[in-house]
There are 2 protein chains.
Amino acid sequence: MTTSTRRGPGRPSLTERRREDTRTEVSGAAARLFTERGYDATTVEDIAAASGMALRTFYRYFRAKEETIAPLFAAGIRDWVQRLAEADPDLGLVDALLAAYRGSVRHSRASAGIDDGQLRALLRMVESHGALRAVWLNVYRDTEDQLRPAIAARCGRDPDDLDVQLAAGTANTAVRIAMERWAAGEASARSADDAVARALKSVATGGLLAP
Amino acid sequence: MTTSTRRGPGRPSLTERRREDTRTEVSGAAARLFTERGYDATTVEDIAAASGMALRTFYRYFRAKEETIAPLFAAGIRDWVQRLAEADPDLGLVDALLAAYRGSVRHSRASAGIDDGQLRALLRMVESHGALRAVWLNVYRDTEDQLRPAIAARCGRDPDDLDVQLAAGTANTAVRIAMERWAAGEASARSADDAVARALKSVATGGLLAP
DNA sequence: TGCACATTTGACATAGAGTGCCAAAAGTAG
DNA sequence: CTACTTTTGGCACTCTATGTCAAATGTGCA
């Protein structure tokens with residue numbers, strides 16, 4: 001099955017990239033339908049039709065209706081984690097987290113084909129729809145596990161170390177909360193970066209929990 | 001509809017308490033079935049039958065199949081939050097969180113009719129079943145919001161303050177991670193208290209994130 | 001006790017979610 | 001063009017979840 005196209009070592013194969021593209025397209029279509037006519041009023045058949053595929057095929061790309069929006073939520077975050085791994089090793093953990101985040105936001109969200117306005121609209125739906133909220137939380141829970149190896153490497157610790165896990169959890173939570181506040185706030189709010197930066201700095205000192 | 005029975009000001013009415021009891025019973029039956037024959041192999045009809053009620057009645061107590069286990073997860077946590085509100089105001093935030101947690105664990109889990117072994121078994125199922133994991137995360141996300149007023153009052157801040165929200169989020173995350181580690185670890189692990197205490201103390205100083 | 005009332009429960013019908021199965025279609029290698 | 005693999009679509013089916021309405025149950029009051 002190996003194509004003659006040259007591909008880097010970690011680079012995904014052609015078919016895998018096609019698959020990702022399809023997922024991204026379906027995500028966009030689903031998000032549009034959800035925000036236009038509501039989550040419940042949108043059936044999986046609608047999404048499949050809007051994506052030009054049969055119902056059965058839809059379920060070969062997504063396990064469930066809610067999961068269509070997961071790639072939209074995950075887009076920026078995945079990139080964040082990857083950039084953290086590649087960040088300057090001399091940087092402190094918080095600075096590295098922050099630098100990685102700043103670098104990722106613009107680049108990655110654009111490539112996922114979703115703008116800030118749409119993301120906000122989606123995040124506001126999340127509040128009221130249990131299934132969507134679950135996806136949102138799940139994406140962050142997954143991120144937590146992905147952050148661990150990166151943090152462990154940077155601090156010279158084991159990924160299973162409690163402190164590593166907690167650092168991943170708290171940094172992750174800070175970002176999530178910043179995003180939730182950004183989504184809930186008025187349109188006047190600046191890009192999410194600022195909120196994330198403030199939140200990360202706060203948890204780094206223990207914030208209100210500090211002795 | 002008011003009964004002649006005297007009831008305290010905040011005390012729930014008789015029918016409300018009956019309702020809670022029923023929910024607890026159904027939760028227990030569901031948890032038993034899930035761990036015995038697996039989550040997917042258990043239909044809602046099975047749960048309803050085991051609880052001695054019709055299918056339609058089940059859905060008047062729980063919105064969805066997964067939610068049957070939410071009360072089991074929430075039992076200890078709710079009590080934790082309440083005890084925090086009642087804790088000695090002179091205590092530091094972390095100490096108060098800790099004291100409240102210690103006080104709640106034994107008392108509350110017993111009243112929910114679930115022991116540590118069952119809770120562990122359930123938590124291990126959570127790893128592999130998206131729907132259950134969603135419930136687990138949701139319970140903690142709810143806790144986050146419930147913690148906020150209590151923390152705000154203790155620190156003399158607004159519940160919408162970013163630092164309050166972050167403190168709630170990080171403390172909450174610490175507890176969740178401690179519980180997850182406790183569930184994943186060997187049976188030899190001591191009660192969850194120790195794990196929670198260590199985790200809370202770590203995040204209070206910023207842990208690995210500390211500058 | 002018995003009657004009028006509200007609330008709870010159960011049975012039925014139905015739409016939508018999600019999956020197994022197999023055949024048609026499309027892409028690939030030779 | 002042919003043989004082969006992968007992807008897609010159609011069909012049937014189970015289960016989840018909800019609206020509707022009637023029967024059962026409980027409650028207040030005479």
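Proteins come first, then strands; the chains are lettered A, B, ... in the order of their sequence lines, and each starts at number 1.
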What parts of residues 33-53 of chain B reach DNA chain C, counting only heavy atoms under 4.0 Å away?
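Contacting residues: B:M53.
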
Positions of residues 57-70 of chain A (non-hydrogen atom under 4.0 Å from DNA chain C), listed by number
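Per residue number, the list reads A:Y59, A:R60, A:R63, A:A64, A:K65, A:E66.
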
Smallest separation among heavy atoms of A:D163 and B:S202, with atom names
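Answer, listing the atom of A:D163 first, then B:S202: OD1-OG, 2.6 Å.
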
Angle of first-five versus last-five pair axes in the helix from C:dT1-D:dA30 to C:dG30-D:dC1, to 10 degrees
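About 20° separates the two local helix axes.
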
Counting heavy atoms not belonging to A:R198, are there more than 12 under 6.0 Å from its CZ?
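No, because the 6.0 Å sphere around CZ of A:R198 holds 12 heavy atoms or fewer from other groups.
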
Side-chain donor/acceptor contact of B:R18 with base of D:dG26 under 3.5 Å
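Check fails, no donor-acceptor contact within cut-off.
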
Using a distance-only criterion (donor-acceptor N/O pair, under 3.5 Å, no hydrogens), is the base of C:dG18 paired with the side chain of A:R56?
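Side chain to base: no pair present.
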
Rounded distance [0.5 Å steps], [atom1] in [X] versus [atom2] in [Y]:
| X | Y | atom1 | atom2 | value |
| --- | --- | --- | --- | --- |
| B:I151 | B:E144 | CD1 | CD | 9.5 Å |
| B:D79 | B:L84 | CG | CG | 11.5 Å |
| B:Q146 | B:W80 | CD | CH2 | 10.5 Å |
| A:L147 | A:N172 | CG | CG | 5.5 Å |

Is the positively charged end of A:K65 above the ring of A:Y39, judged by distance under 6.0 angstrom from the centroid and angle within 45° of the axis?
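Verdict for A:Y39: a cation-pi partner in A:K65.
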
Can you confirm if the NZ or CZ of A:R83 lies within 45° of the ring axis of A:Y101 and under 6.0 Å from the centre of its six-membered ring?
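Not satisfied by the 6.0 Å and 45° rule.
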
Could you list the donor-acceptor pairs under 3.5 angstrom formed by side chains in residues 46-58 of chain A, with sequence neighbours left out?
unit_1, atom_1, unit_2, atom_2, d
A:D46, OD1, A:T43, OG1, 3.4
A:D46, OD2, A:R37, NH1, 3.1
A:D46, OD2, A:T43, N, 3.0
A:D46, OD2, A:T43, OG1, 3.2
A:S51, OG, A:I47, O, 2.7

Checking B:T173 against A:T173: is there a side-chain donor and acceptor pair closer than 3.5 Å?
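Looking only at side-chain atoms, B:T173 and A:T173 do form a donor-acceptor pair, the distance falling under 3.5 Å.
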
Audit row: B:D142, A:R133, salt bridge (charged side-chain N to carboxylate O under 4.0 Å, His left out) steps and yes/no:
CA-CA 11 Å; B:D142 285 342; A:R133 185 168 139 149; 2.5 Å; yes

Mind running salt bridge (charged side-chain N to carboxylate O under 4.0 Å, His left out) on B:R148 and B:D145 for me, showing each step along the way?
CA-CA 5 Å; B:R148 280 163 59 194; B:D145 285 338; 3.1 Å; yes

Which pairs, protein N/O on one side and nucleotides 23-26 of chain C N/O on the other, fall under 3.5 Å?
none

Using atom CG of A:L55 as one end and atom C1' of D:dC11 as the other, report the distance to the nearest whole Å.
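To the nearest whole Å, that distance equals 11 Å.
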
List in chain and number order the residues that pass side-chain hydrogen bond (donor to acceptor under 3.5 Å, both in side chains) with B:W136, two or more places apart in sequence or in another chain; answer none if no residue qualifies.
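By the side-chain hydrogen bond (donor to acceptor under 3.5 Å, both in side chains) rule, B:W136 matches B:E180.
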
